[in-house]
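In what follows, a single structure is set out as structure tokens and then discussed.
Below, each value reflects all heavy atoms present in this structure, side chains not excepted, and no hydrogens, waters or symmetry copies. If you read the sequence from its start, that first residue is 1, and numbering goes on from there.
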Amino acid sequence: MTIFDAHCDVLCKMLMNPKINFQNDASLQVNMHELKHSPIKVQCFAIYVPEAVHPELKFIAALRMIEMFYERIIHDNPHMKLVKSKADIQKLKEGEVGALLTLEGCDAICKDIVKLQTLLRLGVTSVGLTWNYRNCAADGVLEENAGGLSQFGRQVLAVLNERNVWCDVSHLAEKGFWDVMEYGQFPVASHSNCYALCQHPRNLKDDQIKALIQKDSVIGLTFVADFLSGATTATIDDLLRHLDYICSLGGEHHVGFGSDFDGTEHIVTGIERASKYDYLINVLSKYYSQTQLEQFLFQNFVSRMPI
């Protein structure tokens, strides 16, 4: 059984603390040691530029994270392979892990479409328009009186459509979400849960979940406790409730997992690190068929990759 994990924040941690060693640093929930003892076959690595970084330095920060990705994750680890397509994933050999590069928020590109195109050329295959707040492309989920996509945001979306790149809606305010549903060809929610079960602004409402299903998209359930239970702790049962709920809305073929490892301190008890994914598999196997497990854990995301 293999895993496609749609979101982690390793690169941000490495940016903020350059002394972190990807090989086996205990401060990382995803590192090479963890991956060697994990069923993860594809791990998405997000480029998230922290709010504290000066706006004029955000693009440089994004480039630094990309450099770390290629030098300290790909180059230094022969078993880590860059993947950008279904074909790349199919070529992975036994013991190899695919690494997929994503952008979490367009703050780094400001209003410069060339910067976006540069990041895409450097291997980014999924782009979230926002983090939690407003930028030049759109408004995030925590923005008061949030609007939809800006004119520049629609230009970004057009580029993503043209280049066959996922548009990640996980941090996008509702009006922007619906703009993406109308104009986007490849929407995805990399790490979001169900608002009906936990009223957190980062979670998706029923009509949003149904819209993603109708778009033949996929939703990655995240392990962040606050998005699962509304508290600083959550159990595997909380995660199962969100999985069951999406399935009840017709999403059996449209749901996967985006852990948010290294992006939160409060995570599901029992699966606090990449090597603990086996616990999730063992619990899921009590309630779902082998075919369903393969879909949830891997195929639903891989089959929705634009190329």
Answer yes or no: is there a donor N or O on one side and an acceptor on the other, between the side chain of [X] and the main chain of [Y], under 3.5 Å?
X      : Y      : result
Lys215 : Met181 : yes
Gln199 : Ala196 : yes
His79  : Val97  : no
Thr125 : Thr102 : no
Lys41  : Glu96  : yes
Asn17  : Lys13  : no
Thr130 : Gly105 : no
Asn300 : Glu252 : yes
Thr264 : Ile267 : no
Ser248 : Tyr245 : yes

Taking atom [atom1] of [X] and atom [atom2] of [Y], what is their separation to the nearest 0.5 Å?
X      : Y      : atom1 : atom2 : answer
Leu11  : Phe22  : CG    : CZ    : 8.5 Å
Ser192 : Arg202 : OG    : CZ    : 4.5 Å
Lys93  : Lys81  : NZ    : NZ    : 7.5 Å
Trp166 : Asn164 : CH2   : CG    : 12.5 Å
Asp262 : Leu28  : CG    : CG    : 5.0 Å
Lys86  : Phe301 : NZ    : CZ    : 13.5 Å

Do [X] and [Y] have side-chain atoms, one donor and one acceptor, less than 3.5 Å apart?
X      : Y      : answer
Asp168 : Ser190 : yes
Thr235 : Asp237 : no
Gln295 : His253 : yes
Gln23  : Asn77  : yes
Asn31  : Asn24  : no
His191 : Glu104 : yes
Asp226 : His266 : no
Ser217 : Arg304 : no
Tyr183 : Asn161 : no
Asn132 : His171 : yes

For [X] and [Y], which heavy atoms make the closest approach, and how far apart are they?
X      : Y      : answer
Val169 : Val180 : CG1-CG1, 3.9 Å
Ser38  : Ser275 : CB-CA, 3.9 Å
Leu172 : Val141 : O-CG1, 3.2 Å

In this structure, would [X] and [Y] fall into the same cluster of hydrophobic residues linked by side-chain contacts under 4.5 Å?
X      : Y      : value
Val124 : Met14  : yes
Ile219 : Ile3   : yes
Val83  : Leu120 : no
Tyr70  : Phe45  : yes
Met65  : Met32  : yes

Side chain proximity check, [X] to [Y], heavy atoms < 4.5 angstrom:
X      : Y      : value
Thr222 : Ser259 : no
Leu204 : Asn193 : no
Tyr133 : Leu142 : yes
Leu228 : Val268 : yes
Ile74  : Phe69  : yes
Leu284 : Ile236 : no
Val127 : Cys167 : no
Cys247 : Phe296 : yes

Could you tell me if Lys111 sits above the aromatic ring of Phe152, with its cationic atom closer than 6.0 Å to the ring centre and no more than 45 degrees from the axis?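 No, Lys111 does not lie over the aromatic ring of Phe152.
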Hey, is [X] close enough to [Y] for a salt bridge, meaning N to O under 4.0 Å?
X      : Y      : value
Lys58  : Asp107 : no
Asp238 : Arg241 : yes
Glu67  : Arg72  : no

Plane angle bin for Phe261 and Tyr277 - parallel if under 30°, tilted between 30 and 60°, otherwise perpendicular: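 Perpendicular, since the angle between the ring planes exceeds 60°.
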Are there over 12 heavy-atom neighbours, none belonging to Lys115, within less than 6.0 Å of that residue's NZ?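 Counting other residues, nucleotides and ligands, NZ of Lys115 exceeds 12 neighbours.
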side-chain hydrogen bond (donor to acceptor under 3.5 Å, both in side chains) partner of Arg273, chosen from His37, Gln29, Glu34: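 Testing Arg273 for a side-chain hydrogen bond (donor to acceptor under 3.5 Å, both in side chains) against His37, Gln29, Glu34 leaves exactly one candidate, Glu34.
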